[in-house]
Amino acid sequence: MKMALDKTLIVGNWKMNLNVHEASLYLHQLSHLVTAHRDVEVVLAPTLLALQSLSLQVNHRQFKLAAQNFYWRDSGAFTGEVSATQLKGVVQYALVGHSERRHIFHESDKDTRSKVQAAIRNDIVPILCVGETATERADNETADVIHDQLLGGLANITSEEFTNIVIAYEPVWAIGTGQNAGPTDVTAAVAAIRSQIKHLYGAAAAEAVRVLYGGSVTADSAADYLTLLGIDGLLVGGASLDAHGFSEIIKKAHHKSMLVGAERGGKA
Ligand code: PEP
């Protein structure tokens, strides 16, 4: 799948919330609140159980779907697991290395690396999540943590593949806590991400990769992040569960794109 690089990407991670019926009602409600904009790509990550039915219900021009998780092998004796091969055609994106996977389910960098490769192999865009814990932040280790998670998650990727990879900077201490990361911290982390990718894979890869911010984003704070240098969109957890609030975030992304477009038009 070729990504639309000039679009602002807004991803809603519903985590382990909403059953199949509730997910369908939510999609119905959101589809009436949101106009499909050419400059914004909206991705929904519902429970795995609802992906199949939502993929039949969804207007694919309006919303794309993402898996919250999957196993990296394509098939075989792995009871209870779902592979990227099985998700192919149902989802366009998949979260990889979300902090809840890393910290609650002890997923390693090797796991995230295998998943990034499995996603790409199956034509699914991986959204690789990276970010430091509160302790790592207090110890001034943010850049080192990002470095290790990128190195661990992206080994064996070719520079051409960065057009189909998304990195989400999600400071662990900001996820689900209501504690927003400040603009200086986010800008510095995003610069560190691009600089590391440039160092490892070259300038074209660093420019092509899309970088999101995630961590307690709400309709009120969305615009502050969307206007930061190097940010291509948002990964939204809690605030994506309310269709009205999430539609406001999508509207902010559209307004941001219009402003940027007008600025570029003015300079031309
Ligand atoms: C997330 O789940 O990736 C996330 C950023 O959650 P929240 O917006 O609730 O902090």
Side-chain angles (χ1 to χ4, degrees), residues 8-18 22-23 26 30 41-48 50-51 63-70 91-107 111-112 115-116 119 124-134 136-137 142 145-146 149-150 153 165-183 185-187 189-190 193 210-226 228 231-253:
T8 300
L9 180 59
I10 305 292
V11 184
N13 175 17
W14 300 356
K15 312 196 186 194
M16 201 172 69
N17 295 294
L18 308 187
E22 290 164 339
Y26 176 108
L30 191 69
E41 185 164 20
V42 182
V43 179
L44 306 174
T47 166
L48 179 72
L51 280 173
F63 305 116
K64 305 274 188 279
L65 293 174
Q68 294 178 20
N69 185 37
F70 59 96
V91 300
Q92 294 72 43
Y93 288 85
L95 299 181
V96 175
H98 189 281
S99 73
E100 286 149 20
R101 300 296 321 167
R102 290 182 193 265
H103 295 108
I104 303 173
F105 300 100
H106 309 293
E107 284 188 4
D111 296 323
T112 63
K115 289 184 180 194
V116 165
I124 294 171
V125 176
I127 302 173
L128 175 66
C129 305
V130 299
E132 79 288 358
T133 63
E136 289 162 344
R137 179 175 189 245
T142 301
V145 171
I146 289 174
Q149 290 177 341
L150 287 177
I165 291 177
V166 177
I167 308 293
Y169 171 57
E170 297 213 303
V172 180
W173 50 271
I175 297 179
T177 59
Q179 247 187 295
N180 293 85
D185 284 351
V186 176
T187 310
V190 170
I193 289 170
R210 286 205 283 183
V211 181
L212 313 181
Y213 168 73
S216 295
V217 173
T218 61
D220 288 337
S221 63
D224 298 341
Y225 292 107
L226 286 166
L228 292 180
I231 287 285
D232 300 302
L234 302 170
L235 176 47
V236 185
S240 72
L241 289 170
D242 170 55
H244 281 277
F246 193 52
S247 71
E248 286 303 313
I249 293 175
I250 296 164
K251 278 180 206 154
K252 300 250 160 87

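Just so you know, ligand 1 is whichever comes first in the structure, and atom 1 is the first atom listed for that ligand. All residue numbers in this chain count up from 1 along the given sequence.
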Seminar exercise, completed: Closest heavy-atom approach to atom 5 (C) of ligand 1 among K15, H98, E170 is made by E170
For this session: Enumerate the atoms of ligand 1 whose separation from the nearest heavy atom of G238 is less than 4.0 angstrom.
Result: 7 (P), 8 (O), 9 (O)
Exercise. Tell me, do E136 and V172 make a side-chain contact under 4.5 Å, heavy atoms counted?
Worked result: no
Seminar exercise, completed: Rounded to the nearest 0.5 angstrom, the CD1-CG distance for I167 and L235 is 12.0 Å
Problem set entry | Subset of ligand 1 atoms that lie under 4.0 Å from at least one heavy atom of N13 | 1 (C), 2 (O), 3 (O)
Exercise. Strictly under 4.0 Å, does any heavy atom of A174 approach an atom of ligand 1?
Worked result: yes
Problem set entry | Heavy-atom closest pair, residues Q179 and W173 | OE1-O, 3.7 Å
Exercise. Just which atoms of ligand 1 are under 4.0 Å from any heavy atom in L235?
Worked result: 3 (O), 5 (C)
Problem set entry | Close-contact set for ligand 1 against S216 heavy atoms, below 4.0 Å | 7 (P), 8 (O), 10 (O)
For this session: Please state whether the rings of Y213 and Y169 are parallel, tilted or perpendicular, taking 30° and 60° as the class boundaries.
Result: tilted
Seminar exercise, completed: To the nearest 0.5 Å, atom CZ of F105 lies from atom CG of D111 at 13.0 Å
Problem set entry | N/O separation below 3.5 Å, G237 to ligand 1 | yes
Seminar exercise, completed: What one should report as the nearest heavy-atom pair of G131 and V145 is O-CG1, 3.8 Å
Problem set entry | G215: numbered ligand 1 atoms lying under 4.0 Å from its heavy atoms | 5 (C), 10 (O)
Seminar exercise, completed: Note: ligand 1 atoms sitting under 4.0 Å from heavy atoms of I175 are 4 (C), 6 (O), 10 (O)
For this session: Among residues two or more places apart or on two chains, list those pairs meeting salt bridge (charged side-chain N to carboxylate O under 4.0 Å, His left out) that have a residue in residues 212-225.
Result: none
Problem set entry | Contact atoms of ligand 1, heavy-atom distance to G176 under 4.0 Å | 7 (P), 9 (O), 10 (O)
